[in-house]
Amino acid sequence: MRTRGAFLMANVIAGLVLGFVVANIGFGDYAQLNRMFTFQDLRMFFAFAGAVAIIVVVFAVVGVRRTRGRIHAGVIPGAVLFGTGWAISGGCPAIPIVQVATGYLPALVTIAGVAVGMWLCRWANAKYFHLDRGSCGL
């Protein structure tokens, strides 16, 4: 799988499988996510733990090596904003795409919010903060 086309095809297949699984286990359902964030149902937490365990094994088998990085000034506020947005909107940036694909059209507002938030982040960083962009590519 060294060619660009094979890599792209592998990503498309993985994305389709992930989207199918995410939609069918309830990650695209705002009510399910709300129950997770309010600790009423730990099923989602266990799903996350399982996903992390699987990716650790896959990375080990494939031989993915991560270079030691540094935490820059934008990591903590970015993590807080990401988590807050996820709790309010019922999804990380990928979940609204799954929600729209399953017919939940209010997720379009979340997608618009993600786009506006990214633009505001770039603007504020360029004008006021001048934070190291690290690997996120602000």
Side-chain angles (χ1 to χ4, degrees):
M1 192 174 358
R2 299 281 181 211
T3 68
R4 187 174 179 174
F7 185 72
L8 177 62
M9 185 54 67
N11 279 299
V12 168
I13 291 169
L16 290 171
V17 169
L18 179 63
F20 177 79
V21 170
V22 165
N24 283 299
I25 65 173
F27 268 40
D29 180 9
Y30 178 79
Q32 288 283 349
L33 291 165
N34 183 273
R35 285 194 288 279
M36 175 185 73
F37 284 117
T38 56
F39 303 105
Q40 297 173 16
D41 184 359
L42 296 180
R43 182 177 67 94
M44 295 292 209
F45 285 116
F46 294 134
F48 274 116
V52 169
I54 289 169
I55 201 65
V56 165
V57 170
V58 168
F59 277 17
V61 169
V62 172
V64 173
R65 300 196 196 290
R66 180 163 156 49
T67 58
R68 187 172 179 94
R70 61 186 168 86
I71 296 178
H72 57 82
V75 170
I76 302 301
V80 169
L81 285 172
F82 178 83
T84 303
W86 192 15
I88 291 170
S89 70
C92 66
I95 295 301
I97 296 167
V98 172
Q99 291 172 332
V100 169
T102 60
Y104 185 69
L105 296 182
L108 291 171
V109 174
T110 304
I111 292 170
V114 168
V116 169
M118 287 172 26
W119 180 83
L120 282 173
C121 180
R122 286 186 189 117
W123 175 81
N125 189 50
K127 186 162 178 86
Y128 299 110
F129 303 117
H130 310 291
L131 298 173
D132 178 11
R133 295 181 300 186
S135 64
C136 68
L138 273 173

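What you are looking at is a predicted structure, and each value in this text was computed from that prediction instead of being measured.
- In terms of hydrophobic clustering, with Ile, Leu, Val, Met, Phe, Trp and Tyr side chains grouped at heavy-atom distances under 4.5 Å, V57 and I55 are assigned to different clusters.
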For this session: I would like to know whether R35 and M44 meet side chain to side chain contact (heavy atoms under 4.5 Å, CB included); could you show each step before the answer?
Result: CA-CA 9 Å; R35 285 194 288 279; M44 295 292 209; over 6 Å; no
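- Residue L81 belongs to no hydrophobic cluster, having no ILVMFWY side-chain heavy atom closer than 4.5 Å to its own.
- Hydrophobic clustering (side-chain heavy atoms under 4.5 Å, transitive across Ile, Leu, Val, Met, Phe, Trp, Tyr) keeps L105 apart from V98.
- Atom CZ of residue F48 and atom CG of residue L42 lie 12.5 Å apart, to the nearest 0.5 angstrom.
- Pairing each heavy atom of T110 with each of P96, the nearest pair is CG2-CG, 3.3 Å.
- Residues satisfying the ring-ring contact (aromatic ring centres under 6.0 Å, His included) criterion with F129, sequence neighbours excluded, are absent altogether.
- Note: the hydrophobic cluster containing V62 does not contain V12 (ILVMFWY, side chain heavy atoms under 4.5 Å, direct or indirect links).
- To the nearest 0.5 Å, atoms CG (N11) and CG (L16) are separated by 11.0 Å.
- V21 and M36 fall within the same hydrophobic cluster, defined by Ile, Leu, Val, Met, Phe, Trp and Tyr side-chain heavy atoms under 4.5 Å apart, directly or through other members.
- For the pair V114/M118, a side-chain contact is recorded, criterion being any heavy-atom separation below 4.5 Å from C-beta on.
- Under the ring-ring contact (aromatic ring centres under 6.0 Å, His included) criterion, Y128 pairs with W123, sequence neighbours left out.
- Other residues, nucleotides and ligands contribute more than 12 heavy atoms inside 6.0 Å of the CZ atom of F45.
- Hydrophobic clustering (ILVMFWY, side-chain heavy atoms < 4.5 Å, transitive): I95 and F82 are in one cluster.
- Note that the OG1 atom of T102 and the CD1 atom of I97 stand 12.0 Å from one another [nearest 0.5 Å].
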